[in-house]
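The structure presented is a predicted model; accordingly, all values stated were derived computationally and were not measured. Numbering of ligands and ligand atoms starts at 1, following listing order. Starting from 1, each residue takes its place in the sequence as its number.
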Amino acid sequence: MSETTTARGAPGDAGASEEHDLMERVVNLCKRRGFIFPSAEIYGGFRSTYDYGPLGVLMLRNVKDRWWRSMVQMRDDVVGIDAAILSSPKIWEASGHLANFTDPLVDCRNCHERWRADKIAGVCPNCGSSDLTEPRAFNLMFKTYAGPVEEDATVAYMRPETAQGMFVNFLQVLQTTRKRPPFGIAQVGKSFRNEITPQNFVFRTREFEQMELEYFVPPDEGQRWFEYWLGERMSWYLDLGIPTDKLRLRHHDPGELSHYSAATADVEFLFPWGWDELEGIANRTDYDLKAHAALSGEKLEYFDQATGERYVPYVIEPAAGATRTMMAYLIAAFDEDEVGGEKRALLRLDPRLAPYQVAVLPLSKNDTLVPVAREVLGLLQPLWSVDFDVTQSIGRRYRRQDEVGTPLCVTVDFESLEDRAVTVRDRDTTDQVRVPIDGLVEELRGRLPV
Ligand code: GAP
C-alpha cells in the first residue's frame, strides 16, 4: 500500500474551498444523474459501500473495456483470465498477505474512533485528541467460510488483489497458450480490503475493482520492461483525457518499496485534495512465482526448449484501480460554462468513456416524430450506446445530456418528416449541423473515435 497525499492549501484558503466545491459537485452529479449511489441508502447506507447506477455501470464498463483493449486486444503477447474471488488461504500464505497485509490501527481513547496511524500524524481527526492507543497490525483481508461449517478447515479469503490469480495460474496459461516470455496475463475484477478508513467517495472503498497485468520477462530484462510499462500506462491515461498537468509519475524511494519489489512508481492524478495514486507499477522480481513454488511444490518456471534454458521469470506489474480511475476521469471532465447567457454544467468526457455516445431526441412527443426518431435509434444502437429521451423541452434535454457527458445529440424535428434529415449537436461547442438520415452513421463514425 503506497498512497501519499500532498495537501493543497490550508483549510479556509480560497483554493482549498474551490477544490472542496468541485468534489461536492462531482459527488452530487454522480448521485443525481445515476452514476454512483450510496449503497443501501433506504437503510441509511452501508459502511462506505457504493452501487453503480445506470450511467455509472456504462462508464465503468467503458473504463475497463478501454484498459482491456489496450492491454489485451491490441497485443499478441498478453492473454486474459478471470480467477475466483473466493480463495484458498494457501495463496495468501505464499504471497505474504496473511503475515504482512496490515495497516497500523489506533483507537482514540477520547471519542473511541479508529484510525490508520500512518494517516493522522498522532491527532484524532474527529475530536482533536492525541490520546491514542499504541498502533497494532490490522489485517485487511476479509475472512469467510466456504461451506456450511465455520471451522479452520473451511476458511477462505475474498481476494485483496487480482494479481495472485495470475501467479497461481501461471503454469496452466503457459501450457495452454504456448506463450513465452516476455508475455503477460491480465485480469479485471473485484477485490476486497477491509480498509480502516474508507474515504473520498469511491477513491478508497472496501469493495472495488482492479485492472492488473502481470508481465513475465527474462530476469535480466526486468528494468527495461519496467520502464516500458511506465511509458505505456502514462500514455493510456493521457490518451483518454487526463490533462498532462494533472498526471505524474512518482518513483518510490528505496525505503518505501514493498518487500517483493525491486522498483515501483505510482501514476498519480491531481485529485481535489492533492496528488494521489491511480496505479502502481512494480518490478516484483521472481518473488511471487518462487513463493508459490515453495509452498505448492510445483515448478513455476519457464523452460525454453530451443536453448534448453530454464528460469523463473521476473514480473512487471501495472496495477490500476478501475473504480478510482473512473472517478479521476469524472473529476477531470467536470466543467461549467455559459450558453445563451445561462450557466451549464457539463462533463467533457472522451466519447470512448462517456456512458452514451449519442442521444436521439425527437423535438416533441408528437405521434409523427417518434416513429422517425425510433428509426434513427434503430440505426445507431448496434454501433453505439444511445439514449432516447422524449421528456421535457429540447433545451433541457440538451443540458441533461451535456451534464452526463454525451458528446452528440441527434434531434428529429418536423422538417425531418419532409427532408429526411436530422440535426447533430456537439456537446462541447453546441454547434449544430443538418445531416441526411442516410448519411448519419457515416457522419457519426467520423466524429466518434473507435
Ligand atoms: N497487485 C498490486 C496491488 O494490488 P495496490 O497499489 O495495492 O497494488 C493497485 O493496488 C490499485 O488498486 C491502486 O493503485 C488503486 O487504484 C486500486 N486500489 C487499491 N486499494 C483500493 C481501495 N481500497 N479502493 C479503491 N481502489 C483501490
For this session: Give the ring-plane orientation class for Phe192 versus Phe142, where under 30° counts as parallel, over 60° as perpendicular and anything between as tilted.
Result: perpendicular
Exercise. Any side-chain donor-acceptor pair under 3.5 Å between Gln392 and Arg397?
Worked result: no
Exercise. Do ligand 1 and Val202 have nitrogen or oxygen atoms that lie under 3.5 Å from each other?
Worked result: no
Exercise. Among Arg206, Gln210, Glu161, whose heavy atom sits nearest atom 10 (O) of ligand 1?
Worked result: Gln210
Exercise. Are the aromatic rings of Phe226 and Tyr314 close, with centres under 6.0 Å apart?
Worked result: no
For this session: Could you establish whether Arg284 and ligand 1 come within less than 4.0 Å of each other, counting only heavy atoms on the residue side?
Result: yes
For this session: Report yes if Leu278 has an N/O atom closer than 3.5 Å to an N/O atom of ligand 1; otherwise report no.
Result: yes
For this session: Measure from the ring center of Phe203 to the ring center of Trp273 and say whether it is less than 6.0 Å.
Result: yes
Problem set entry | Option of least heavy-atom distance to atom 21 (C) of ligand 1 (set: Phe101, Phe269, Tyr260, Phe208) | Phe208
Exercise. With atoms numbered from 1 as shown, which atoms in ligand 1 lie under 4.0 angstrom from a non-hydrogen atom of Glu277?
Worked result: 6 (O), 13 (C), 14 (O)
Seminar exercise, completed: A student checking ligand 1 against Ala163 at a 4.0 Å heavy-atom cut-off should list atoms 1 (N)
For this session: Please round to the nearest 0.5 Å and tell me the distance separating atom CG of Asp288 and atom CD1 of Ile91.
Result: 12.0 Å
Problem set entry | Arg400 and Thr391 side chains, donor-acceptor separation under 3.5 Å | yes
For this session: Please state whether the rings of Tyr329 and Tyr237 are parallel, tilted or perpendicular, taking 30° and 60° as the class boundaries.
Result: parallel
For this session: Could you list the atoms of ligand 1 found under 4.0 angstrom from a heavy atom of Glu279?
Result: 14 (O)
Exercise. Counting from 1, what ligand 1 atoms have a heavy atom of Glu317 closer than 4.0 Å?
Worked result: 1 (N), 2 (C)
Exercise. Going by the order shown, which atoms of ligand 1 are within less than 4.0 Å of some heavy atom of Glu212?
Worked result: 1 (N), 2 (C), 3 (C), 4 (O)
Exercise. Glu195 heavy atoms, cut-off 4.0 Å: which ligand 1 atoms fall inside?
Worked result: 22 (C), 23 (N)
Exercise. Can you name the side-chain hydrogen bond (donor to acceptor under 3.5 Å, both in side chains) partners of Arg178, sequence neighbours left out?
Worked result: none
